[in-house]
Amino acid sequence: MTAPKTSLTPPPGALAPQRHPEAPAPGEPIGSHYDQCFGCGTGQPHGLHLQARAGEGVNVIAEFTVTPDHQGAPGLAHGGVLASALDETLGALNWMMHVISVTGRLETDFLRPVPVETVLHLDAQVRAVDGRKIYCSATGRIGGPDGPLAVRADALFIEVKVEHFIDNGRDEEIRAAMEDPDQVRRARAFEVNP
């Protein structure tokens with residue numbers, strides 16, 4: 001028996017998102033939450049190395065350069081990599097609300113091919129919050145922040161406690177993150193969607 005699909009439409013009564021008072025200032029780089037994260041980590045040689053910045057309100061803007069390592073068809077970005085870039089940008093919204101959440105559902109539309117060596121300009125925003133459910137959307141454009149729309153996604157993120165990662169992650173990586181002498185890096189390892 002298959003579980004029913006979770007709607008990406010906020011229910012009546014869902015609340016408008018609130019930017020946390022200690023969220024990064026608009027334009028401020030968010031930085032990698034974990035060096036080994038495929039999306040934002042600098043320690044992944046073939047990762048996305050996505051660079052995100054705080055936007056106005058409860059949104060994040062980011063850039064991702066498609067490299068030859070990210071190909072699907074010859075000379076074009078792999079669709080799964082593009083979905084990962086959208087997911088990573090959506091996950092960075094956690095910084096705007098100071099919550100820990102994970103992707104519950106991600107629905108992606110691919111509207112045009114994205115060539116290798118293209119910079120994908122991403123913009124993500126939270127639309128509504130209902131209990132632990134966070135409803136958000138993202139777009140990816142080529143040729144600049146106002147360029148042609150290439151990909152878009154609607155998503156549902158679920159707020160979780162840090163134990164979600166500790167109880168389910170691989171012990172070796174959890175231990176390494178917990179033993180990091182840098183308190184800020186140690187805390188950030190568990191602050192956004194991995």
Below 4.5 Å, heavy atoms only, C-beta onward: do [X] and [Y] meet side chain to side chain?
X    : Y    : answer
S84  : L48  : yes
E159 : V129 : no
I158 : I134 : no
V126 : M97  : yes

Quiz item: Does CD belonging to E56 count more than 12 external heavy atoms closer than 6.0 Å?
Solution: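 No - once you tally the heavy atoms of other residues, nucleotides and ligands closer than 6.0 Å, there are 12 at most.
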
Self-check item: Pair N94-S101, side-chain donor/acceptor within less than 3.5 Å
Solution: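 There is such a pair between these side chains.
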
Quiz item: Among side-chain atoms of R152 and T108, is any donor-acceptor pair under 3.5 angstrom?
Solution: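 Short answer, no.
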
Approximate separation, where rounding is to 0.5 Å, of [X] [atom1] and [Y] [atom2]:
X    : Y    : atom1 : atom2 : answer
E22  : W95  : CD    : CH2   : 12.0 Å
R127 : D154 : CZ    : CG    : 5.0 Å
D87  : T103 : CG    : OG1   : 3.5 Å
Q125 : D123 : CD    : CG    : 5.5 Å
T89  : N59  : OG1   : CG    : 11.0 Å
R53  : Q51  : CZ    : CD    : 8.0 Å

Quiz prompt | Chi angles and distances behind the side chain to side chain contact (heavy atoms under 4.5 Å, CB included) call for V151, L86 | solution = CA-CA 8 Å; V151 293; L86 289 163; 3.8 Å; yes

Identify the heavy atoms of [X] and [Y] that sit nearest to each other, and give their distance.
X    : Y    : answer
A153 : L90  : CB-CD1, 4.5 Å
A54  : A25  : CB-O, 3.3 Å
L106 : A155 : CD1-CB, 3.9 Å
S32  : G41  : OG-CA, 3.4 Å
G57  : M96  : O-SD, 4.3 Å
A150 : L120 : CB-CD1, 4.4 Å

Could you tell me whether the side chain of [X] and the main chain of [Y] form a donor-acceptor pair under 3.5 Å?
X    : Y    : result
R112 : L149 : yes
T67  : D69  : yes
H49  : Q44  : yes
T118 : V114 : no

Quiz item: Are V119 and V116 grouped together when hydrophobic residues (ILVMFWY) are joined by side-chain heavy atoms under 4.5 angstrom apart?
Solution: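 No: no chain of side-chain contacts under 4.5 Å links V119 to V116.
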
Exercise. May I ask whether V99 and V58 are part of the same hydrophobic cluster, defined by side-chain heavy atoms of I, L, V, M, F, W, Y residues being less than 4.5 angstrom apart, directly or through others?
Key: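 Both belong to a single hydrophobic cluster.
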
Practice problem: Dump the intermediate steps for side chain to side chain contact (heavy atoms under 4.5 Å, CB included) on F157 and V102, then the final yes or no. | Solution: CA-CA 5 Å; F157 275 65; V102 294; 5.6 Å; no

Exercise. Measure centre to centre between the rings of H70 and F64, then say whether the value is under 6.0 Å.
Key: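 Judged by ring-centre distance (under 6.0 Å), H70 and F64 do meet the cut-off.
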
Quiz prompt | Trace of the side chain to side chain contact (heavy atoms under 4.5 Å, CB included) decision for L122 with L50 | solution = CA-CA 10 Å; L122 299 139; L50 189 129; 3.7 Å; yes

